[in-house]
Amino acid sequence: MSALLIAEQVLNGLQFGVMLFLMAAGLTLIFGVMGLINLAHGSLYMIGAFAAAAVAGATGSFLLALLAALVAAALAGALVELAIIRRLYNKDHLDQVLATFALILIFSEGTRWLFGSFPLYLDTPDWLSGPVRLPGGVLYPAYRLALIVFGFAVAAGLWLLITRTRLGIKIRAGENDREMIAALGVDITRLYTLVFALGAGLAGLAGALVGAIQSVQVGMGEPVLILAFVVIVIGGIGSIGGALVAALLVGLTDTLGGIFLPEAFKLFMDPAKATTVGSAFASMAIYILMAAVLVWRPTGLFGARG
Amino acid sequence: MNREALFNTAVLALLVAVPTWALWADEPFTITLATRAVIFALAAVGLNIALGLGGLVSLGHAVYFGIGGYAMGILAHHAQSYTPLMEWPFLFEGTKSMPVIWLAAVLASALAALLIGLLSLRTAGVYFIMITLAFGQMAYFFTISWPAYGGEDGLSIYVRNGFPGLNTLVPIQFYGICLALLCVVLWLNWRLAKSPFGLALGAARQVPQRVETVGLDPMRLKLVALVISGAITGLAGALFADLNRFVSPTMFSWQMSGEIMIFIILGGVGRLFGPVAGAALYVLLEHLLGGINEHWQIFLGAALLFVVLFGRGGLVGLVAGREQAHD
């Protein structure tokens with residue numbers, strides 16, 4: 001196994017990780033501020049991807065498609081929050097799980113109704129197609145590299161938003177003591193809608209960005225949703241920094257586990273068997289990681305509350 | 001007789017009457033639907049012991065359902081191909097006998113519940129929901145990528161397993177077996193809820209600190225509840241596999257876990273017959289709505305939202321009032 005291959009896989013892991021972060025950041029914000037488990041977050045990811053594919057098909061512009069994904073998902077998020085989600089804040093987790101599970105059914109079937117069962121395709125833009133040569137001689141697709149850069153940029157922007165702006169102060173205050181900030185005159189219902197729309201927009205953006213390297217289809221959100229849950233649970237629910245660390249950890253574990261575990265098993269097994277056993281364990285690696293972290297620290301790496 | 005007991009009797013009467021009618025009217029498909037409902041009910045009764053009595057929101061009960069299914073699949077697969085399951089340290093052959101398969105399913109899923117419980121009960125709240133979900137996904141991906149028993153394609157069993165003295169290939173006889181098991185488990189559940197263990201478990205759900213003060217270990221109570229719960233859902237999994245004569249990784253999927261939970265919510269959390277009414281209603285809705293419109297899940301989702309937002313007690317709560325509802 002060459003160093004070039006490893007470098008490429010590390011980049012793949014980072015790319016996967018930052019996309020998971022876009023999903024996980026919204027989930028963890030929504031949980032931290034409103035105390036809501038939102039299983040329907042994957043549907044917002046799907047809505048973003050479908051909006052992007054539709055707009056890209058109509059206009060041919062990738063940037064317009066990204067904008068459409070952001071707007072469509074944020075709008076859908078705000079509408080759902082106003083109509084349904086806000087009735088769930090005071091209910092227990094069981095009700096939240098079920099109501100948002102019901103939303104998944106509605107969104108998935110609704111999208112299938114509108115767009116049919118066949119996957120749509122979203123092309124990467126021309127100006128980002130083809131590989132770039134990185135220092136050290138690694139050839140890496142420009143689009144994936146752009147995803148990594150963009151993901152970190154969004155992470156930095158989110159950090160500035162949370163730590164440096166008035167909205168960020170309100171969000172942090174809302175996480176600590178929602179009665180108190182309501183008493184201080186902050187319109188808490190509007191803040192909730194805003195936070196939900198922000199999380200939804202990030203998920204939609206992730207859906208569109210990933211949709212260009214995979215196919216855009218109904219049900220694409222759920223596998224990512226579960227991984228995003230793994231991320232926020234490992235990072236500690238409510239912690240954005242934790243989500244970033246955990247997202248990169250999960251992305252790297254999943255990508256590198258897929259290559260290294262079969263190789264590792266080959267050291268003491270015959271190669272054919274090692275490949276099957278190794279890939280079986282690789283597909284479970286992140287869940288084993290999560291279980292291990294929770295057994296070690298029951299509220300995640302950076303979590304404070306249960 | 002209070003209204004809940006009346007409702008329970010009515011549900012039980014329907015579970016007897018509908019298949020009897022179907023037998024008389026020669027509608028074998030209705031019997032298959034009823035069998036499906038009864039097996040789902042059994043799985044949900046299992047989850048209801050953890051969820052309703054113990055307050056453990058496990059989003060990973062598909063693990064036990066799938067383990068039960070694969071216990072049947074693996075044993076029957078070895079029996080139909082005449083290969084032993086293992087030869088060392090002792091000869092262990094496959095089997096086509098239902099009681100043996102049930103025993104294996106119950107033991108295997110109870111063991112899984114014990115291990116998962118020991119690890120996941122360290123966490124609480126959302127973390128518990130998520131760690132059980134993670135164990136479910138672990139099992140799902142493991143079966144997909146493990147080729148020995150079919151991998152992603154699953155395992156087909158050509159002939160339904162046998163039960164001494166009955167012909168299980170006749171739909172109504174297999175239905176009878178499933179219904180009898182459901183009744184036994186419901187009776188167990190009823191006894192359990194009234195037993196000192198059940199009362200202590202209920203107390204551990206409501207105020208764990210007080211349970212601890214009187215010298216009981218809430219963690220151990222919850223662990224035992226989870227093991228019993230997992231074993232029952234595992235038994236349901238073995239029956240489900242026998243109904244379809246097929247097992248596949250979808251039995252482990254997280255949608256399966258969600259569905260088992262939906263049965264309970266539709267019927268009523270913590271109510272003895274809640275899971276039964278919920279599973280029957282679900283299968284009925286699936287059949288009726290599926291016949292009207294291929295996008296029936298939209299209506300299912302809307303119905304579910306309605307129950308969660310406005311009708312907290314589920315079907316049982318609607319009929320029998322809320323006085324005994326889970327808090």
Side-chain angles (χ1 to χ4, degrees), chain A residues 31 35 37 39 84 87-88 91-110 112-113 219 222-223 225-227 229-230 232-234 236-237 276-300 303 305-306, chain B residues 51 55 57 59 116 118-148 151 253-255 257-259 261-262 264-266 269 293-310 312 326-327:
Chain A
F31 188 85
I37 309 177
L39 292 187
I84 291 155
R87 295 168 214 278
L88 298 172
K91 304 226 173 199
D92 62 22
H93 292 327
L94 179 63
D95 282 342
Q96 297 177 349
V97 164
L98 275 148
T100 50
F101 190 89
L103 285 176
I104 295 183
L105 294 179
I106 295 172
F107 276 125
S108 292
E109 280 305 317
R112 190 169 290 144
W113 210 334
E222 277 66 58
L225 167 81
I226 295 189
L227 291 179
F229 269 121
V230 170
I232 67 170
V233 165
I234 290 179
I237 296 174
T276 56
V277 176
S279 51
F281 274 95
S283 63
M284 303 193 300
I286 47 175
Y287 301 105
I288 296 173
L289 174 75
M290 165 176 169
V293 167
L294 283 190
V295 168
W296 173 49
R297 293 183 80 125
T299 52
R305 60 207 192 122
Chain B
L51 183 69
V57 185
L59 196 51
I116 292 178
L118 277 175
L119 295 174
S120 56
L121 282 172
R122 293 173 50 86
T123 65
V126 200
Y127 289 94
F128 181 80
I129 302 179
M130 292 307 148
I131 198 171
T132 48
L133 178 66
F135 279 112
Q137 290 299 103
M138 229 187 264
Y140 176 70
F141 284 113
F142 181 77
T143 41
I144 278 192
S145 51
W146 191 262
S253 67
W254 76 283
Q255 283 90 346
S257 299
E259 272 177 29
M261 206 179 263
I262 287 177
I264 299 183
I265 305 298
L266 279 181
V269 180
N293 189 311
E294 58 171 319
H295 301 289
W296 66 278
Q297 289 201 323
I298 291 190
F299 306 108
L300 176 70
L304 202 61
L305 261 185
F306 184 81
V307 171
V308 173
L309 291 179
F310 303 110
R312 185 58 226 272
H326 168 67
D327 50 331

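Just so it is clear, the values below take in all heavy atoms, side chains as well, and ignore hydrogens, waters and symmetry mates. Letters A, B, ... mirror the listed sequences (proteins, then strands); counts begin at 1.
- In this structure, B:R122 contributes its side chain and A:V295 its backbone to a donor-acceptor pair below 3.5 Å.
- Contact of A:L289 with chain B is not made at all, since no heavy-atom distance falls under 4.5 Å.
- In this structure, the side chains of A:V277 and B:W146 come closer than 4.5 Å at one or more pairs of heavy atoms.
- Taking the six-membered ring where tryptophan is involved, the planes of A:W113 and B:H295 are essentially parallel, since the angle between them stays under 30° and well short of 60°.
- Between A:L94 and B:M261, some side-chain heavy-atom pair lies under the 4.5 Å cut-off.
- Using a 4.5 Å cut-off between heavy atoms, A:L294 touches chain B through backbone and side chain atoms alike.
- Using bins of under 30°, 30° to 60° and over 60° for the plane-to-plane angle, the ring pair A:F101/B:W254 lands in the perpendicular bin.
- Between B:I129 and A:V97, the closest heavy-atom pair is CD1-CG2, 4.2 Å.
- The shortest non-hydrogen separation linking B:L304 to A:L98 is CD2-O, 4.0 Å.
- The distance from the CD1 atom of A:I84 to the CG atom of B:L309 is 7.0 Å, given to the nearest 0.5 Å.
- Counting only N and O atoms by type, the side chains of A:S283 and B:S145 include a donor and acceptor under 3.5 Å apart.
- Contact annotation for A:I288: both backbone and side-chain heavy atoms come within less than 4.5 Å of a heavy atom of chain B.
- Residues B:L305 and A:L103 form a side-chain contact, since some pair of their non-hydrogen atoms from C-beta on lies under 4.5 Å apart.
- At a 4.5 Å heavy-atom cutoff, the contact between B:F135 and chain A is made by side-chain atoms alone.
- Put simply, the side chain of A:I37 reaches to within 4.5 Å of the side chain of B:M130, judged on heavy atoms.
- In this structure a side-chain-to-backbone donor-acceptor pair under 3.5 Å is present from B:Y127 to A:T299.
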